[in-house]
Amino acid sequence: MDFGLEQVPMPECPPGGVLLRVHTCGLCGSDLRTLRSGHRKVTLPWILGHEISGQIAQVGDRYPGPGRQGDRLSVAPLVYCGRCDFCQSGQYELCEDYREIAQAWHGGFAEYVAIPEEAVQNGTIRLVPAGLDMALAAIAEPVSSCIHAQEKGAVGLGDTVIVMGAGPIGCIHITLARARGADAIIAVDVSADRLAQAKRFEPDALVSASESDLPKEVRKLTNGRGAEVIITANPSPQAQVQAVEMARKGGRILLFGGLPTTESCPRIDMNLVHYNALHLIGTTIFAPRHHRQALQVLADGRINGQTLITHRGHLEDFPAIANEALDGRVCKAVIQP
Ligand SMILES: [Zn+2]
Ligand SMILES: [Zn+2]
């Protein structure tokens with residue numbers, strides 16, 4: 001897909017929303033997928049970018065808050081429908097009809113972004129805690145997804161956790177599992193570059209899945225027991241097959257990464273799931289409470305956010321940084337217009 005920089009008219013401030021002067025917008029794996037091959041919910045030309053922090057430039061007449069002109073906001077892209085059974089019972093993470101900023105509305109790779117009334121009513125918008133770096137306030141979005149997953153998987157004290165995939169999401173899972181009290185964390189990837197990246201988050205062990213028999217290596221590292229928790233933070237069907245082989249009895253497997261549609265039926269040994277009483281846990285998106293928790297753990301340093309950010313640039317650097325990220329040489333890039 002073709003991408004670059006273009007001059008566009010200043011967006012208008014929606015009557016029930018705000019106009020945000022973008023401070024930081026994070027570049028996400030899903031942005032890269034869209035840059036590579038388009039997105040069914042995006043019609044070109046379009047402004048991407050859904051991990052947004054900024055300062056309120058203007059508020060609409062009917063804007064109910066949070067904040068007023070000059071205040072700092074962290075904006076996650078999810079706009080829940082507010083009407084489905086799940087929203088009505090407070091389970092926003094299961095909303096059946098949510099929309100996203102940067103898909104239904106233009107995103108944050110711009111100087112200004114209009115936050116629509118719907119997002120203010122049913123979205124994920126919070127004031128940035130005092131002292132929190134605006135770059136970290138922007139990447140609260142992926143952290144929120146990881147918090148949701150580890151909440152579902154009840155990651156905690158005494159757990160050995162295997163994180164399969166050492167991209168930015170895997171790195172967040174490593175530091176988050178540590179914050180939640182995990183006993184031992186094993187980071188796995190097929191790429192030596194990504195393993196080097198993950199090393200900065202100090203997992204207890206790093207295993208190359210391309211150079212070793214992974215299940216065997218994990219048995220060695222866990223005294224033959226396997227791991228209580230395995231998180232698949234990659235799009236690999238093989239990883240899901242192996243996750244089931246590496247789980248301890250009663251273990252929880254968090255299926256965080258989706259699979260390509262053509263490879264979404266891996267040959268998992270379901271007898272292992274049955275006889276080892278394993279839990280296969282699917283997780284996607286998050287609820288507003290996870291976003292609040294993400295801002296908290298980023299603000300108090302329990303999550304090492306600064307280490308995640310490997311690339312910073314202005315809007316005019318976007319094409320170069322995006323190309324570098326498409327080549328797999330970036331952990332987390334942020335654009336600061
Ligand atoms: Zn994202
Ligand atoms: Zn809903």
Side-chain angles (χ1 to χ4, degrees), residues 22-36 39 41-42 46-54 74-110 113 115-126 134-149 165 167-173 176 233-235 256-258 283-291 293-295 298 303 305 308-312 318 321-322 325-326 330-336:
V22 177
H23 181 285
T24 301
C25 188
L27 181 64
C28 176
S30 66
D31 294 325
L32 296 177
R33 275 197 297 282
T34 306
L35 292 179
R36 206 174 276 129
H39 192 287
K41 290 187 185 165
V42 166
W46 195 252
I47 302 173
L48 292 177
H50 61 259
E51 303 175 356
I52 306 168
S53 70
S74 168
V75 178
L78 300 169
V79 180
Y80 312 95
C81 79
R83 293 180 306 273
C84 72
D85 283 352
F86 296 111
C87 282
Q88 294 279 308
S89 60
Q91 293 171 287
Y92 296 99
E93 65 272 34
L94 298 177
C95 175
E96 290 183 304
D97 199 18
Y98 67 89
R99 290 179 291 168
E100 293 188 46
I101 294 172
Q103 288 176 3
W105 305 273
H106 279 296
F109 289 129
V113 60
I115 305 301
E117 178 159 15
E118 293 94 321
V120 174
Q121 298 298 338
N122 283 311
T124 325
I125 297 171
R126 306 192 76 81
M134 289 290 270
L136 302 188
I139 63 164
E141 191 261 345
V143 175
S144 309
S145 292
C146 296
I147 289 177
H148 173 212
I169 290 292
C171 291
I172 293 171
H173 276 301
L176 182 62
N234 59 31
F256 187 94
T283 122
T284 175
I285 71 166
F286 54 88
R289 71 177 182 283
H290 303 115
H291 186 242
Q293 293 165 358
L295 289 171
L298 284 162
I303 293 288
L308 278 170
I309 299 174
T310 49
H311 292 67
R312 289 172 197 255
F318 181 89
I321 289 181
L326 284 165
V330 168
C331 183
K332 188 79 193 170
V334 295
I335 299 296
Q336 302 180 309

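Note that the structure is predicted; figures quoted are calculated from it, not measured. Side chains are part of it too, since the values below use all heavy atoms of this structure and drop only hydrogens, waters and symmetry mates. Atoms within a ligand are numbered from 1 in the order they appear, just like the ligands themselves.
Within the protein, the N, O or S atoms lying under 2.8 Å from the Zn ion (ligand 1) are Cys28 SG, His50 NE2, Glu51 OE2, Glu141 OE1.
Closest heavy-atom contact between Ser53 and Met134: OG-O, 2.8 Å. Heavy atoms only, all atoms of each residue included: Leu298 and Gly305 are closest at CD2-CA, 4.0 Å.
Between the SG atom of Cys84 and the SG atom of Cys87, the angle taken at the Zn ion (ligand 2) works out to 110° after rounding to 10°.
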>> With side chain to side chain contact (heavy atoms under 4.5 Å, CB included) as the criterion, how do Asn122 and Tyr98 come out once you've worked through the C-alpha distance, each side chain's angles and the decisive distance to 0.1 Å?
In response: CA-CA 9 Å; Asn122 283 311; Tyr98 67 89; over 6 Å; no

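In Arg312, the CZ atom is crowded: over 12 heavy atoms of neighbouring residues, nucleotides or ligands sit closer than 6.0 Å.
The shortest distance between side-chain heavy atoms of Phe286 and Ser145 falls below 4.5 Å.
Interatomic distance, Ile147 CD1 to Leu176 CG, rounded to the nearest 0.5 Å: 5.5 Å.
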